[in-house]
Participant: 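The structure's right below; bear with me while I get my questions together.
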Amino acid sequence: MKIFRAVPVWAKVAFCVGAMALMSPAARAETMRLDALLVWGTDDPQSPNPKHRPVEAELARRLKKLPYRWKYYFLVSKQTVDVADGESKSKISMSKRCVLDIKNLGTNRVEVRLHGDGNPVSVHRESLPMHQLFIVSGDAGNETGWLVIIHRIDPRAEPPPPPLVRSTN
Amino acid sequence: MINLDSQLKLQAYLDGELAVEEAAEVSGWLDRDPEARALLNELRNTKAALVGYESAFRLPESREFFWSKIEREIEKQEAAREEAPHVPWYVWLQRHFFPLSGVALLSCFLGVLFIESGRSAGQFGEMEMASDDMGSYTFRDQNDKVTMVWLYNHGDESQFTDPSSVASVEPE
């Protein structure tokens with residue numbers, strides 16, 4: 001205790017603030033846990049594909065706030081991946097024709113590469129803090145749409161993802 | 001209404017502190033002004049009431065000796081203040097420079113962290129399309145924490161111009 005008392009107050013304050021700064025997300029090299037969802041948007045209340053199920057209510061609520069015109073959203077496939085800082089997860093299969101590559105760029109940023117039918121379609125680099133949704137979407141014909149939703153989730157709140165499997169859709 | 005100066009003069013008159021001429025003036029004023037007389041009576045009564053409760057404090061030594069003790073104590077304290085030890089320059093530097101340098105280092109560190117976190121949180125996204133035939137709209141909602149990109153076609157002939165090829169969401 002005598003040693004602690006001998007340390008000047010400014011040094012104690014500096015130590016505490018420095019420790020807090022080091023614990024901040026910006027200072028940590030974090031592994032991101034991401035949910036990648038392929039969603040189909042339509043005005044029909046039922047999907048012709050019995051494997052499709054409606055998206056979770058919270059996600060539906062957030063989608064309805066966006067400038068999409070559809071009333072119903074069905075989950076086609078979902079993959080959960082852990083991506084370490086600076087590393088990539090390649091060939092995340094969302095459907096037979098849709099594949100993603102995701103790279104953790106650090107400081108809450110990701111790079112998403114979208115492939116359709118084996119061809120590169122687009123590359124996106126986005127800030128993706130916790131609970132942020134990043135959606136790439138397009139026309140799926142017959143006045144319906146597809147949405148690839150990347151959602152960062154808290155690894156402490158969710159169980160670890162199973163090994164990647166190829167989507168059956 | 002009697003002003004403060006007159007009240008004080010009246011109190012001095014009561015205490016016998018006025019010169020003869022001034023005392024005569026006040027006496028004449030008292031003869032003329034019944035309010036002054038009333039105030040004098042009040043002051044006199046107050047003085048009489050307080051006299052009974054005042055305990056006389058007697059110094060154990062003579063008045064001169066008492067004040068000379070106080071004077072000596074003041075001189076002693078002033079001498080001690082003048083003889084304060086001289087602080088070496090390196091002690092002064094250590095006392096002032098180290099905390100300042102610590103604060104400066106900390107500020108730099110926090111500044112870098114702030115810039116880095118701001119860069120990651122506030123930076124807009126980048127996008128590259130594989131084909132010039134494709135375009136995109138981007139919509140951002142900071143409140144709802146959503147970034148939405150809509151890909152669309154410029155023409156119908158390109159192999160990339162059908163974004164629906166990205167997702168086989170229709171039943172097979």
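Lettering follows sequence order; numbering is per chain, from 1.
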Participant: Given the rule that I, L, V, M, F, W and Y join up when any side-chain heavy atoms are under 4.5 Å apart, are A:M130 and A:L37 in one cluster?
Facilitator: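 A:M130 does not cluster with A:L37.
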Participant: To the nearest 0.5 angstrom, please state how far the CH2 atom of B:W150 sits from the CG atom of A:D139.
Facilitator: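 Answer rounded to 0.5 Å: 5.5 Å.
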Participant: Quick one, A:R113 with B:E128, criterion salt bridge (charged side-chain N to carboxylate O under 4.0 Å, His left out). Give me CA distance, side-chain angles, the key distance, then yes/no.
Facilitator: CA-CA 9 Å; A:R113 289 177 179 270; B:E128 296 166 23; 5.6 Å; no
Participant: Among residues 55-63 of chain A, which ones touch chain B with a heavy-atom distance under 4.5 Å?
Facilitator: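 Expected list: A:R61, A:R62.
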Participant: Between A:H124 and B:V149, does a side-chain contact (heavy atoms from CB on, under 4.5 Å) hold up when you go through it step by step?
Facilitator: CA-CA 9 Å; A:H124 308 263; B:V149 178; 3.9 Å; yes
Participant: Indicate, with yes or no, if A:L66 and A:V39 share a hydrophobic cluster defined by side-chain heavy-atom contacts under 4.5 Å among Ile, Leu, Val, Met, Phe, Trp and Tyr.
Facilitator: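 Shared cluster, yes.
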Participant: If you look at every heavy atom in B:A130 and A:P120, which pair is closest and at what distance?
Facilitator: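 Heavy atoms only, the tightest pair is CB-O, 3.0 Å.
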Participant: So for atom CG, which belongs to A:D43, do other residues, nucleotides or ligands contribute more than 12 heavy atoms lying within a distance under 6.0 Å?
Facilitator: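 For A:D43, atom CG is crowded (more than 12 foreign heavy atoms under 6.0 Å).
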Participant: When you look at CZ of B:F139, are more than 12 heavy atoms from neighbouring residues, nucleotides or ligands closer to it than 6.0 Å?
Facilitator: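 It does: B:F139 CZ has more than 12 such atoms within range.
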Participant: So, using salt bridge (charged side-chain N to carboxylate O under 4.0 Å, His left out) as the criterion, who are the partners of B:E75 when residues are at least two apart?
Facilitator: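 Salt bridge (charged side-chain N to carboxylate O under 4.0 Å, His left out) list for B:E75, sorted by chain: empty.
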Participant: As an exercise, state the distance from OG of A:S122 to CG of B:L151, rounded to the nearest 0.5 Å.
Facilitator: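 That separation rounds to 5.0 Å.
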Participant: With a 4.5 Å heavy-atom cut-off, do A:L133 and B:T147 have their side chains touching?
Facilitator: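 Side-chain contact under 4.5 Å: no.
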Participant: Just how far is it from atom NZ of A:K65 to atom CG of B:N143, taken to the nearest 0.5 Å?
Facilitator: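 Nearest 0.5 Å value for the NZ-CG distance: 8.5 Å.
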Participant: Under 4.5 Å heavy-atom distance to chain B, tell me which part of A:Y68 shows up: side chain, backbone, both or neither.
Facilitator: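 Side chain only.
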Participant: Salt bridge (charged side-chain N to carboxylate O under 4.0 Å, His left out) with A:K71: which residues, sequence neighbours excluded?
Facilitator: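 Testing A:K71 for salt bridge (charged side-chain N to carboxylate O under 4.0 Å, His left out), a comparison that skips the adjacent residues, returns none.
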Participant: Tell me whether A:L105 shares a hydrophobic cluster with A:I102, the cluster being built from Ile, Leu, Val, Met, Phe, Trp, Tyr side chains joined at under 4.5 Å.
Facilitator: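 Result: no, two separate clusters.
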Participant: So how far is it from A:S127 OG to B:E126 CD, rounded to the nearest 0.5 Å?
Facilitator: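 Interatomic distance, A:S127 OG to B:E126 CD, rounded to 0.5 Å: 11.5 Å.
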Participant: Quick one, A:Q132 and B:Q142 - any side-chain contact, counting heavy atoms below 4.5 Å?
Facilitator: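 The answer is no, as the side chains (C-beta and beyond) never meet within the 4.5 Å cut-off.
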Participant: Answer yes or no: does atom CZ of A:R53 have more than 12 heavy-atom neighbours from other residues, nucleotides or ligands under 6.0 Å?
Facilitator: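 No - once you tally the heavy atoms of other residues, nucleotides and ligands closer than 6.0 Å, there are 12 at most.
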Participant: With sequence neighbours excluded, give me every side-chain hydrogen bond (donor to acceptor under 3.5 Å, both in side chains) pair touching residues 22-32 of chain B.
Facilitator: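 For residues 22-32 of chain B, and leaving out neighbouring residues, the side-chain hydrogen bond (donor to acceptor under 3.5 Å, both in side chains) pairs sorted by first residue read B:W29-B:D33.
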Participant: Any link between A:L75 and B:M148 through a network of hydrophobic side chains (Ile, Leu, Val, Met, Phe, Trp, Tyr) touching at under 4.5 Å?
Facilitator: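 Linked, A:L75 and B:M148 end up in one cluster.
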Participant: If Ile, Leu, Val, Met, Phe, Trp and Tyr residues are connected whenever their side-chain heavy atoms lie under 4.5 Å apart, and connections chain through other members, are A:V123 and A:W146 in the same group?
Facilitator: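 No, it is not one cluster - the side chains of A:V123 and A:W146 are not joined through contacts under 4.5 Å.
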Participant: CG/A:L114 to CE/B:M127 distance, rounded to the nearest 0.5 angstrom?
Facilitator: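 One gets 11.5 Å once the value is rounded to the nearest 0.5 Å.
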